[in-house]
2 protein chains.
Amino acid sequence: MAYIYDIYEENCPTRQVLDRLADKWALLILDRVKHGPMRFNHLKRDIRGISQKALSQTLKKLERDGLVSRTVHPTIPVTVEYALTPLGATLKETVAAIAHWAERHMEAVLDAQKAYDGAGGER
Amino acid sequence: MAYIYDIYEENCPTRQVLDRLADKWALLILDRVKHGPMRFNHLKRDIRGISQKALSQTLKKLERDGLVSRTVHPTIPVTVEYALTPLGATLKETVAAIAHWAERHMEAVLDAQKAYDGAGGER
DNA sequence: GAAATCAGGTTTCAAAATTATACCAAGGAG
DNA sequence: CTCCTTGGTATAATTTTGAAACCTGATTTC
């Protein structure tokens with residue numbers, strides 16, 4: 001079990017995983033989909049500012065990594081639903097923790113930015 | 001307390017924070033620095049594959065956001081130490097959880113990729 | 001005294017990724 | 001016939017990234 005994966009090593013496979021997770025759109029998608037399946041255009045509408053291409057590409061990568069499943073329903077017009085896989089579900093808390101942290105510490109970050117910009121800008 | 005921050009909203013300030021955190025280099029730096037202060041070149045050597053520019057820029061952003069502190073020691077030659085701020089320290093577990101997840105579920109992701117590539121490539 | 005070394009960066013420029021925009025297919029509504 | 005829906009892809013413009021060179025300032029080596 002104790003494989004010698006080292007995320008600091010350049011060619012460690014965990015770097016690929018980190019790359020997938022260290023992505024704004026991937027995190028937002030994973031978080032958005034955690035309560036149940038969602039259609040492509042629904043995600044696009046909910047995640048404000050994402051481009052169709054970014055959504056399409058990110059979903060494809062998440063699907064390839066086994067985090068999200070893609071189901072085509074032969075309705076008219078076809079609808080495609082994306083959902084967390086069991087593997088993806090194990091990430092729920094982690095992803096939520098990041099979004100949560102952002103919301104909880106927003107003020108502190110904003111204050112730090114103000115202090116930094118104020119001190120540095122006067123030089 | 002219950003501010004109406006919504007990370008799905010395009011111009012919500014939490015998006016900025018997510019942007020900072022959803023970055024491979026930022027996460028690796030935060031995780032690398034969690035046990036104590038580190039010098040610039042030490043980080044550069046430890047985090048394999050990071051360019052000097054990426055390290056410098058990422059550190060500057062983390063400093064601006066109040067997550068990392070920068071201390072110049074007037075030694076010869078000067079050394080600069082980067083450390084977690086108290087605010088940055090509140091992120092330790094979250095960041096570690098991501099790295100941890102990557103290491104723990106690496107095999108599953110690799111398997112999913114193989115399955116995906118195998119099924120899709122034959123068409 | 002010229003050259004090389006260390007630390008911690010910045011600058012430069014080309015390559016890669018991201019974004020906005022347009023387009024496509026298949027069917028239904030008006 | 002024209003427009004709207006779904007779920008994309010193709011193309012072009014913009015932005016970000018990465019590799020490599022350069023810079024400052026002080027010290028040691030030849």
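Quick caveat: nothing in here was measured; it's all calculated off a predicted structure. Chain identifiers are assigned alphabetically (A, B, ...) following the order of the sequence lines, protein sequences preceding nucleic acid strands; residue numbering begins at 1 within each chain.
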Each nucleotide N or O in nucleotides 26-28 of chain D that has a protein N or O under 3.5 Å away: list the pair and distance.
none

Legend entry - Shortest non-hydrogen contact from B/Y82 toward B/V68: CD2-CG1, 3.8 Å
Legend entry - Rounded distance [0.5 Å steps], CG in A/L59 versus CZ in A/F40: 6.5 Å
Legend entry - Separation of C/dT18 C1' from A/L55 CG (nearest whole Å): 14 Å
Inset, instruction - Could you please spell out the steps behind the side-chain contact (heavy atoms from CB on, under 4.5 Å) verdict for A/I50 and A/L28? - result: CA-CA 10 Å; A/I50 195 170; A/L28 285 171; over 6 Å; no
Legend entry - Short side-chain to backbone donor-acceptor contact, A/T85 and A/L67, under 3.5 Å: yes
If you look only at distance, which donor and acceptor atoms sit under 3.5 Å apart when one is on a side chain in residues 6-15 of chain B and the other is two or more places apart or in another chain?
from, atom 1, to, atom 2, distance (Å)
B/D6, OD1, B/Y8, N, 3.0
B/Y8, OH, A/D31, OD2, 2.6
B/Y8, OH, A/R32, N, 3.2
B/R15, NE, B/I7, O, 2.8
B/R15, NH1, A/R48, O, 3.0
B/R15, NH2, A/R48, O, 2.8
B/R15, NH2, B/Y8, O, 3.2

Inset, instruction - Mark yes or no for whether B/N41, through its side chain, and B/K44, through its backbone, hold a donor-acceptor pair below 3.5 Å. - result: no
Legend entry - Rounded interatomic separation in angstrom, taking NZ from B/K44 and P from C/dC6: 11 Å
Legend entry - Terminal axes of the helix from C/dG1-D/dC30 to C/dG30-D/dC1 (five pairs each): angle between them, nearest 10 degrees: 30°
Legend entry - Polar side-chain atom of B/T58 near backbone of B/A54 as donor-acceptor pair, under 3.5 Å: yes
Legend entry - nucleotides 7-25 of chain D: protein proximity per nucleotide (B base, S sugar-phosphate only, - neither; heavy atom, under 4.0 Å): BBS-B------BB-----B
Donor-acceptor pairs under 3.5 Å, side chain of residues 86-94 of chain B to any protein atom, not counting sequence neighbours: which ones?
from, atom 1, to, atom 2, distance (Å)
B/T90, OG1, A/W101, NE1, 2.9
B/T90, OG1, B/L87, O, 2.5

Legend entry - B/M38 with B/V72, same ILVMFWY side-chain cluster at under 4.5 Å: yes
Legend entry - Test salt bridge (Lys or Arg N to Asp or Glu O under 4.0 Å) applied to B/K24 - qualifying residues, sequence neighbours left out: A/D19
Inset, instruction - Round to the nearest Å and state the distance from A/R48 atom CZ to C/dT19 atom P. - result: 17 Å
